[in-house]
Amino acid sequence: MPHPTEPSFAELVDDWFADAARPLPWRAAEVSPWAVLVSEFMLQQTQVSRVLPRWTAWMERWPTPAALASAPPAEAVRAWDRLGYPRRALWLHEAATEIVERHGGEVPSGLDELLALKGIGPYTARAVAAFAFGERHPVVDTNTRRVLARAIDGRAHAGAPSTARDLAAMSAQLPVERDAARRFNAGAMELGATVCTARTPDCDGCPVRSRCAWLAAGRPDDGAPKRRQARYEGSDRQVRGIVLAELRAAHAPVDRALLDARWSDAAQLERALGTLVADGLAVVGDEGYSLPDA
DNA sequence: AACGCGTGGGG
DNA sequence: TCCCCAAGCGT
C-alpha cells in the first residue's frame, strides 16, 4: 500500500468549501438551470451582494425562459435596475428567446449550444454546464485565475487573460470525478472571492496555505496589473448611465430637450445616444427616446 | 488583442 | 478622497 499522501490542492479546497460555502440561493439543490443561468448573467463583473435582490425579484417575475421571452425587452432593462452593464439585460432576454426557439424552452446542457446563446461566453457556458447540469468542465473566472496564479504559479497577480491557457491551467487541477470537479470549480471561485482576495488576502485563514507557492515564496509583489480602468466621471459610460436611468424611469418617450438638460456636453450626449441606439438599448421616435418594446 | 461597457463596495 | 476591483462578453 502507498504511504498516506498529503491532501491535494483540490481536496483542500473541497474540504474547506464543504463548510465555508455561502448559502447563495442559486446554489440551492432545487433551483432550475434557468435560475443558474440568470445568476451567471447578473454576476458577470458584478458582486454577489448587489445581485441577490435583483435575482430574487427576477426569478419571481420570470421563472422560465418562455416567461422572459414573452415580455418586452424594455421590461427586462427596467428590472435590471442599476446592476450595471445593461446590455446584459438585453442579451439575457435575447438568450431566452433563442432558448425558446431552438431548445423548446429548456436551457441546453451542451457547451456548444450554450456558447451559441447571446451573452454567453467561455466562462458562463461552462458555469451553467457545470453548476446546473453537473457536467465536468473547467470553470475559470477572475477569482479562479487569481487563486491558480498564487497557489500554483507563485505570483500575486494572474497574467493576461487567455481562455486556452486559463482552461488548461484549471484542467490540470480538476478532479476526474464529476461531482468532485463541480465542487472544486465552485470552491476555487469561492476561495478567491472570500479568502484569496485581490487586495487583502487572508493567508492565515486560507485552507491551501500549506500548498500555496506564492505564500511559500514570501508573497512576492510581482508586476501589478498594467492597464488602469478608465475614469468614470465624465466618461461616455456615465452619460449612457444617466440617459438610461431617465429612460427606465419614463413610461413615455423622453424628449431630447430633457436629455440636453441632464448633460451639458451636447456632442458627448449625441455620441452616447448613438451608441445606446446601436446597442438596442434605446430607440428613437418622433417624440423622443424610449427603451426597446420589441 | 485590446478596448468599451455601469455601478457600487471597500481599502 | 480617490482608486482598485468586481462570478465577462462582444467586437
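Within every chain, numbering begins at 1; the chains are lettered A, B, ... in the order of the sequence lines, protein sequences first and strands thereafter. In what follows, every heavy atom counts, from backbone to side chain, and hydrogens, waters and symmetry copies are set aside.
Residues A:Ala35 and A:Trp55 approach most closely at O-NE1, 3.0 Å, considering heavy atoms. Of all non-hydrogen atoms in A:Arg150 and A:Cys196, the two that sit nearest each other are NH1-SG, 3.3 Å. The two residues A:Arg136 and A:Ala181 come nearest to each other via the heavy atoms CG-CB, 3.7 Å. Across all non-hydrogen atoms, the minimal contact from A:Arg219 to A:Cys203 is NH1-SG, 3.3 Å. In terms of heavy-atom proximity, A:Val283 sits nearest to A:Leu291 at CG2-O, 3.9 Å.
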Apply side-chain hydrogen bond (donor to acceptor under 3.5 Å, both in side chains) to A:Asn185 and A:Arg182, showing your working.
CA-CA 5 Å; A:Asn185 277 319; A:Arg182 179 183 49 71; over 6 Å; no

Checking salt bridge (Lys or Arg N to Asp or Glu O under 4.0 Å) for the pair A:Arg61/A:Glu75: CA distance, chi angles, key distance, verdict?
CA-CA 11 Å; A:Arg61 184 168 180 186; A:Glu75 285 310 299; 2.8 Å; yes

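C:dC9 and B:dG8 are spaced 23 Å apart, taking the P atom of each and rounding to whole Å. The same atom, P, is picked in C:dA7 and in B:dG4; the two are 22 Å apart, to the nearest Å. Comparing the P positions of B:dC3 and C:dC4 gives an interatomic distance of 16 Å, to the nearest angstrom.
Panel note: side chain A:Gln238, backbone A:Gly234; a donor-acceptor pair is recorded below 3.5 Å. Listed for the A:Asp166 side chain is no donor-acceptor partner under 3.5 Å among the backbone atoms of A:Val140. Within the 3.5 Å criterion, the main-chain N or O of A:Ala267 finds a donor-acceptor partner in the side chain of A:Asp265.
With sequence neighbours excluded, no residue satisfies ring pair (Phe, Tyr, Trp, His ring centres under 6.0 Å) with A:Trp214.
For A:Glu40 and A:Tyr123, the side-chain atoms include at least one donor-acceptor pair closer than 3.5 Å. The closest side-chain donor-acceptor pair between A:Arg22 and A:Thr194, if any, does not fall under 3.5 angstrom.
Within 4.0 Å of A:Thr197, counting heavy atoms only, lies no atom of the nucleic acid at all. Nucleic acid contact for A:Ala198: sugar-phosphate only, since backbone atoms but no base atoms lie under 4.0 Å from a heavy atom of the residue. When heavy atoms are screened at a 4.0 angstrom cut-off, A:Pro161 is found touching no nucleic acid atom at all.
Scanning residues 143-157 of chain A for heavy-atom distances under 4.0 Å to DNA chain C yields A:Asn143, A:Arg146. Within residues 20-40 of chain A, the residues approached by DNA chain C to less than 4.0 Å at the level of any non-hydrogen atom are A:Arg22, A:Leu24, A:Trp26, A:Arg27, A:Glu40, in residue-number order. Contacts between residues 130-140 of chain A and DNA chain C, defined by a heavy-atom separation below 4.0 Å, involve no residue at all.
Between A:Phe9 and A:Phe184, a ring centre-to-centre spacing shorter than 6.0 Å is recorded.
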Could you write nucleotides 6-11 of chain B as a row of B, S and -, 5' to 3', where a protein heavy atom under 4.0 Å of any base atom gives B, of only sugar-phosphate atoms gives S, and otherwise -?
BBB-B-

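Where DNA chain C meets chain A (any atom under 4.0 Å from a heavy atom), the bounding nucleotides read 5' to 3' are C:dC3 to C:dT11.
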